[in-house]
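By convention in this document, chain letters (A, B, ...) are assigned in the order of the sequence lines, proteins followed by strands, and residues within each chain are numbered from 1.
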Amino acid sequence: MLEYWRNRWGGWNTSGETEFHNLQELRHSASLATKVFIQRDYSEGTVCRFQTKFPSELDSRIERTLLEDTVKTLNTYYAEAEKMGGQSYMEGCLACATAYIIFLCMETHYEKVLKKISGYIQEQNEKIYAPRGLLLTDPIERGMRVMEVSVFEDRGSSGSSLSSSATSGGSAQR
Amino acid sequence: MHLGLDEPVRECQYNQICTRNSSPMETLSHKKKRTPRRKWQIFPGRNRFYCNGRVMMARQTGVFYLTLVLIMVTSGLFFAFDCPFLASNLTPAIPVIGGVLFLFVLGMLLRASFSDPGVLPRATPDEAADLERQMDAANGSSGPGYRPPPRIREVVINGQTVKLKYCFTCKIFRPPRASHCSLCDNCVERFDHHCPWVGNCVGKRNYRFFYLFILSLSFLTIFIFAFVITHVILRSNRSGFLNALKDSPASVLEVVVCFFSVWSIVGLSGFHTYLISSNQTTNEDIKGSWSTKRAKNNYNPYSYGNVLTNCCAALCGPLHPSLIDRRGFIQPDTPQPLSHSNGSGLYPSTQNHTHMAAATPLLHSDPVMMGRAGPPPSGKTSLGGPCSSLAPSQPSLPSSMPGLGCAGDMLTLRDPDAHCHHHHFVSPEEMPSPLGPSSLVLPFAAHGGHLNPAQLYDPASQDSLHEDSVRGLVKLSSV
């Protein structure tokens with residue numbers, strides 16, 4: 001319960017803080033080379049969806065299928081959060097009937113799914129992205145505008161050749 | 001001219017969310033004893049925050065207090081003078097129903113006024129730089145000509161082509177149905193309108209509260225109106241009309257207020273009921289975005305097809321969380337969005353393009369201010385030392401170019417007395433300090449300077465943001 005209140009009234013940084021510590025660890029051994037942004041896909045309207053198109057800058061860093069799977073899974077999570085069905089209508093009517101006071105005690109369905117998403121992203125970062133020198137940022141921390149993929153290079157290793165290929169990939173992307 | 005980075009920005013006396021130091025990074029490194037600051041304190045929009053960030057409203061809240069006073073006084077008089085008579089002579093259910101309605105109206109009003117309407121946080125410097133790179137690459141080399149690159153993306157939604165405009169202030173391509181509110185200086189998702197009565201924008205997150213507020217207020221107004229008339233009639237039957245008025249003088253005031261309110265509020269409720277059933281926003285309706293007058297096969301791609309689904313979606317749909325995380329603590333490593341209204345949001349680290357980009361909205365709005373305020377004071381080009389390397393290609397705005405790298409000061413250079421009550425502008429005395437962080441930018445700006453001037457003035461003629469800023473400035477200057 002206390003955890004719930006801390007989350008509600010203290011911002012959403014609890015999972016962000018954990019990610020921040022991971023980021024700290026990554027930064028001790030690596031330096032940020034560039035950031036790649038996966039933009040929103042508005043072809044289905046205003047629902048939250050990210051483009052599954054693979055950014056060419058990451059060609060040398062990660063397999064296409066892994067990133068595409070991550071993005072597709074995230075898209076299904078967001079679709080679940082924004083789904084308009086019986087459950088969301090029930091929640092909406094109950095909230096209206098209690099003049100929305102019930103949300104002081106209860107999390108909305110959307111917030112629950114967002115927690116699941118941040119857990120999923122953390123897990124993906126630990127298992128797949130951090131070993132490849134990448135870091136996914138939870139889209140909620142960027143206002144759901146983009147999914148930020150930070151590309152790190154190891155300090156003092158053959159980082160210079162890798163970073164130059166990353167930047168040349170970035171300029172030649174279109 | 002070199003100004004130390006540690007020189008703090010003096011606090012802007014009008015802007016209650018203006019920060020004290022040049023950058024949060026320095027704050028946290030030098031003053032660890034201070035309590036960590038929350039994100040609402042460096043929020044770049046023109047909003048007011050209360051209760052340590054829990055409450056968020058627009059800057060001008062005078063009319064909101066008027067709304068509150070009108071509702072509370074009228075209802076108070078009703079409960080004090082009319083309800084005792086009605087409860088004893090008709091039924092005690094009347095004050096009970098009135099009370100429930102009144103509490104619901106108040107709850108919805110406060111919820112609509114105090115919550116985040118769906119503000120889109122501004123782009124981080126990295127994102128803005130990435131977008132600029134993409135747009136430059138997409139448009140290729142347009143040569144030395146000043147032909148502006150179009151800052152529009154097209155997307156097909158449900159078979160209808162929708163244009164996504166680029167917001168110069170927020171540095172993002174606005175999602176569909178989002179719009180930039182010039183009064184609050186924020187992009188708001190599913191922007192309906194800015195309501196002065198509610199003291200806030202009405203957008204995706206608080207539209208249902210706004211609608212329920214006006215709906216319940218129309219019921220309350222009709223309820224009070226009807227029962228006050230009943231009260232006066234019943235009294236007149238007993239003791240004559242004039243005596244009835246003498247016995248309950250408050251009834252006259254209530255009838256007058258309710259009579260004039262009923263027309264506007266019930267009308268507004270009806271209008272919004274129509275909007276909800278067709279899944280449109282006020283903004284779209286006014287612009288006629290989906291009207292068949294524009295094009296024969298124009299239709300609303302967001303509508304679900306039937307009235308019931310549209311209503312359910314608007315009122316009972318999922319409640320989106322706030323994207324701005326106003327009560328979160330500022331992390332030292334977290335990139336903060338660009339802010340051109342005060343210097344605190346600017347980061348001195350390697351942000352050449354982004355500082356250029358930060359300067360663009362100011363210069364973009366310059367032609368507007370020039371038109372309104374006349375030529376800028378010539379004595380304030382003293383900042384232009386290092387900046388003069390950015391040779392102005394637009395001689396009509398000589399002092400605008402020196403400010404290219406000094407984003408936060410642009411508005412101070414051309415802030416004549418006529419606009420001194422625009423509270424978010426830093427006053428001229430405070431000009432030297434914000435240069436601190438941006439002094440690093442100037443060498444970079446010098447390189448990039450020749451690219452951008454062409455792009456800077458282009459959309460001013462086409463973008464509706466330009467019109468919004470003009471309208472916003474006119475509104476602000478008329479206060």
Side-chain angles (χ1 to χ4, degrees), chain A residues 8-14 16-17 20 23-24 27 32 34-37 39-46 48 81-85 87-96 98-101 103 107-111 113-114 137 139-146 148 150 170-174, chain B residues 38-39 52-54 103-104 107-108 111 119-124 126-127 129-131 133-134 137-138 140 153 155-158 162 164 172-173 175-178 189-190 204 208-209 212 301-302 304 309 312-313 315-321 323-329 331 333-335 337:
Chain A
R8 285 301 299 264
W9 297 102
W12 60 58
N13 264 344
T14 45
E17 280 159 18
F20 171 61
L23 182 59
Q24 282 268 326
R27 282 197 171 164
L32 185 63
T34 184
K35 287 186 181 180
V36 177
F37 297 99
Q39 300 284 341
R40 281 274 292 269
D41 173 15
Y42 292 116
S43 58
E44 291 186 16
T46 50
C48 186
E82 298 190 13
K83 192 179 68 160
M84 270 182 278
Q87 194 199 357
S88 73
Y89 291 153
M90 283 289 294
E91 194 187 46
C93 291
L94 178 67
C96 182
T98 60
Y100 296 92
I101 293 173
F103 287 138
E107 267 188 331
T108 64
H109 175 63
Y110 208 112
E111 283 170 350
V113 178
L114 282 180
T137 306
I140 193 84
E141 291 177 31
R142 297 288 177 265
M144 307 281 246
R145 294 183 302 265
V146 287
E148 190 178 288
S150 309
S171 59
Q173 66 170 281
R174 293 230 175 151
Chain B
R38 295 191 189 254
K39 290 180 187 169
N52 202 6
R54 291 182 180 93
L103 289 173
F104 191 76
M108 291 297 109
R111 192 78 203 226
V119 173
L120 282 168
R122 297 190 185 183
T124 55
D126 294 312
E127 281 175 60
D130 188 65
L131 271 180
R133 249 196 324 265
Q134 280 181 27
R153 271 185 191 165
V155 68
V156 178
I157 299 175
N158 255 344
V162 174
L164 305 183
I172 56 171
F173 275 96
R177 311 191 94 176
E189 280 192 287
R190 201 187 181 280
K204 180 165 85 168
R208 71 191 67 188
F209 306 128
L212 289 172
Y302 310 109
Y304 292 94
T309 318
C312 287
L315 300 175
C316 303
L319 203 53
H320 290 77
L323 297 175
I324 55 177
D325 187 31
R326 47 198 194 268
R327 285 184 41 84
F329 291 104
Q331 304 284 354
D333 278 343
T334 310

- Message: Would you say B:Thr124 and B:Asp126 are linked by a side-chain donor-acceptor pair, where the criterion is simply a distance under 3.5 Å?
- Response: no
- Listed by chain and number, what are the ring pair (Phe, Tyr, Trp, His ring centres under 6.0 Å) partners of A:Tyr110, not counting sequence neighbours? B:His320
- Side chain to side chain, A:Thr98 and A:Phe103, heavy atoms closer than 4.5 Å: no
- Query: Which atoms of A:Gln87 come close to chain B, meaning under 4.5 Å heavy atom to heavy atom: side chain ones, backbone ones, both, or neither?
  - Reply: neither
- Query: Measuring heavy-atom distances to chain A, does B:Arg326 have an atom under 4.5 Å in its side chain, in its backbone, in both, or in neither?
  - Reply: neither
- Which region of A:Glu91, side chain (C-beta onward) or backbone (N, CA, C, O), has a non-hydrogen atom less than 4.5 Å from a non-hydrogen atom of chain B, or is it both or neither? neither
- Item | Best-contacting candidate, B:Pro175, B:Gly317, B:Gly107, against chain A by heavy atom pairs under 4.5 angstrom | B:Pro175
- Give, as side chain, backbone, both or neither, the part of B:Pro301 having an atom under 4.5 angstrom from any heavy atom of chain A. neither
- Task: Go through the atoms of B:Ile172 and report whether side chain, backbone, both or neither lie under 4.5 Å from a heavy atom of chain A.
- Result: side chain
- Task: Examine whether an atom of A:Ala95 lies under 4.5 Å from a heavy atom of chain B, and if so say whether it belongs to the side chain, the backbone or both; otherwise answer neither.
- Result: neither
- Query: Do B:Pro176 and B:Ile157 have side-chain heavy atoms sitting under 4.5 Å apart?
  - Reply: yes
- Item | Which portion of B:Leu212 sits near chain A, non-hydrogen atoms under 4.5 angstrom | side chain
- For chain B, find which of A:His109, A:Arg145, A:Glu82, A:Met84 contributes the most heavy-atom pairs closer than 4.5 angstrom. A:Arg145
- Look at the side chain of A:Arg142 and the backbone N and O of A:Glu148, then say whether any donor-acceptor pair between them is shorter than 3.5 Å. no
- Task: Below 4.5 Å from any heavy atom of chain A, which atoms of B:Val155 appear? Answer side chain, backbone, both or neither.
- Result: side chain
- Task: Check whether any side-chain heavy atom of B:Arg327 lies under 4.5 Å from a side-chain heavy atom of B:Lys39, and answer yes or no.
- Result: no
- Answer with side chain, backbone, both or neither: which region of A:Leu114 has an atom nearer than 4.5 Å to a non-hydrogen atom of chain B? side chain
- Message: So does A:Tyr42 get a backbone contact from the side chain of A:Thr46, meaning a donor-acceptor N/O pair under 3.5 Å?
- Response: no
- Query: Is there side-chain contact between A:Arg40 and A:Met144, with at least one heavy-atom pair below 4.5 Å?
  - Reply: yes
